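To start, the structure itself, in structure tokens.
Protein chains get the first letters and strands the later ones, always in sequence-line order, with residue 1 at the start of each. No experiment lies behind these values; they were computed from the predicted model shown.
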There are 2 protein chains.
Amino acid sequence: MGSVVSELENAGIKPSYQRVRIFEYMQMNRTHPTADQVFLDLKDAIPTLAKATVYNTLHALAEKGLIRELSTVQPSTRYDYAAEDHGHFTCRICNRIYDFPYDFDSRHSALSGFVVESQEIVQKGICQACLKKAQQNSAFP
Amino acid sequence: MGSVVSELENAGIKPSYQRVRIFEYMQMNRTHPTADQVFLDLKDAIPTLAKATVYNTLHALAEKGLIRELSTVQPSTRYDYAAEDHGHFTCRICNRIYDFPYDFDSRHSALSGFVVESQEIVQKGICQACLKKAQQNSAFP
DNA sequence: TTATTTGTTTGGAATAATTCTAATGTTGTG
DNA sequence: CACAACATTAGAATTATTCCAAACAAATAA
């Protein structure tokens with residue numbers, strides 16, 4: 001409990017009751033839940049909980065690196081002609097997607113007994129063009 | 001043109017006019033477009049084109065491996081407590097997400113001048129549990 | 001050719017995830 | 001205590017995607 005609070009504080013997030021409970025939930029439930037699952041599982045304990053709070057909190061936690069938002073391409077799915085293998089970098093400012101070469105013969109066999117039909121490397125961050133713009137204006141959050 | 005048609009045929013997709021135009025578009029526009037972008041860019045040339053057709057076709061192409069659907073977690077974003085680095089395997093049958101160990105110090109530097117804030121390995125396929133069930137009943141498509 | 005079957009496209013309605021907004025509530029500070 | 005800053009709430013709004021029934025096209029059989 002205390003550790004949850006101080007982890008939040010260390011990350012610069014005020015440990016409100018809701019935030020503590022949501023982060024606690026994420027630590028204890030390693031089930032890769034959706035925002036809705038978090039909401040449903042907590043609303044008995046916190047009857048006034050709003051879904052927007054769950055989204056706000058999950059986004060805040062993800063921004064500080066306390067949780068991860070599993071690979072999504074926001075806001076809508078992007079499609080790519082399937083040429084040679086390559087990784088994808090998504091810029092969180094301009095939302096552009098860049099390809100980068102990636103050597104896939106180092107396939108990580110991972111889970112035995114599973115059929116892997118596709119594999120992808122996904123990076124997120126800020127692209128060069130947006131970094132340049134940022135230097136001229138001011139820094140990004 | 002002929003090659004587009006025969007690629008579709010080889011993949012077992014009937015080369016209807018719409019499908020040919022959409023696949024052609026994907027080959028010529030390596031911009032990782034959304035379904036909506038494909039729709040908007042083609043509807044002048046194909047005035048009756050329906051968005052559902054774009055979705056149907058993109059899904060069919062992706063299923064046959066002619067294009068890729070860039071890493072999304074469907075239908076809604078999943079969150080994960082950010083412990084040690086690991087990859088994620090999503091089962092396309094039961095939608096469960098499995099962690100697998102992944103060594104991230106082999107970071108692929110990729111694009112120079114870009115700030116990489118997060119990196120993830122994403123696999124999709126069929127998990128062991130669903131494979132087992134499939135053997136008892138019948139095969140998956 | 002015509003009739004029949006099979007598969008495709010269309011357009012709009014339905015669904016569902018996420019974001020937005022305005023009002024209310026809470027916390028910390030002077 | 002008052003005020004400012006921030007958080008939460010509830011529900012409406014937005015938007016991507018799927019669903020559905022009807023119209024259409026192509027392929028096949030009679």
Short question: side chain of [X], backbone of [Y] - any donor-acceptor pair under 3.5 Å?
X: B/E7; Y: B/V4; value: no
X: B/R68; Y: B/G65; value: no
X: B/R78; Y: A/H32; value: yes

Do nucleotides 5-21 of chain C as a string where each nucleotide becomes B, S or -: B if the base has a protein heavy atom under 4.0 Å, S if just the sugar-phosphate does, - if no protein is that close.
--SSSBB-----SBBB-
Just how far, in rounded Å, is [atom2] of [N] from [atom1] of [X]?
X: B/F39; N: D/dT17; atom1: CZ; atom2: P; result: 14 Å
X: A/K43; N: D/dT8; atom1: NZ; atom2: C1'; result: 17 Å
X: B/E69; N: D/dT18; atom1: CD; atom2: C1'; result: 13 Å

In terms of side-chain heavy atoms, does B/R21 have a donor or acceptor partner in B/Y17 at a distance below 3.5 Å?
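Judged by distance alone, the side chains do pair up.
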pair A/F100-A/Q123: side-chain heavy atoms closer than 4.5 Å
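Contact flag for A/F100/A/Q123 side chains = yes.
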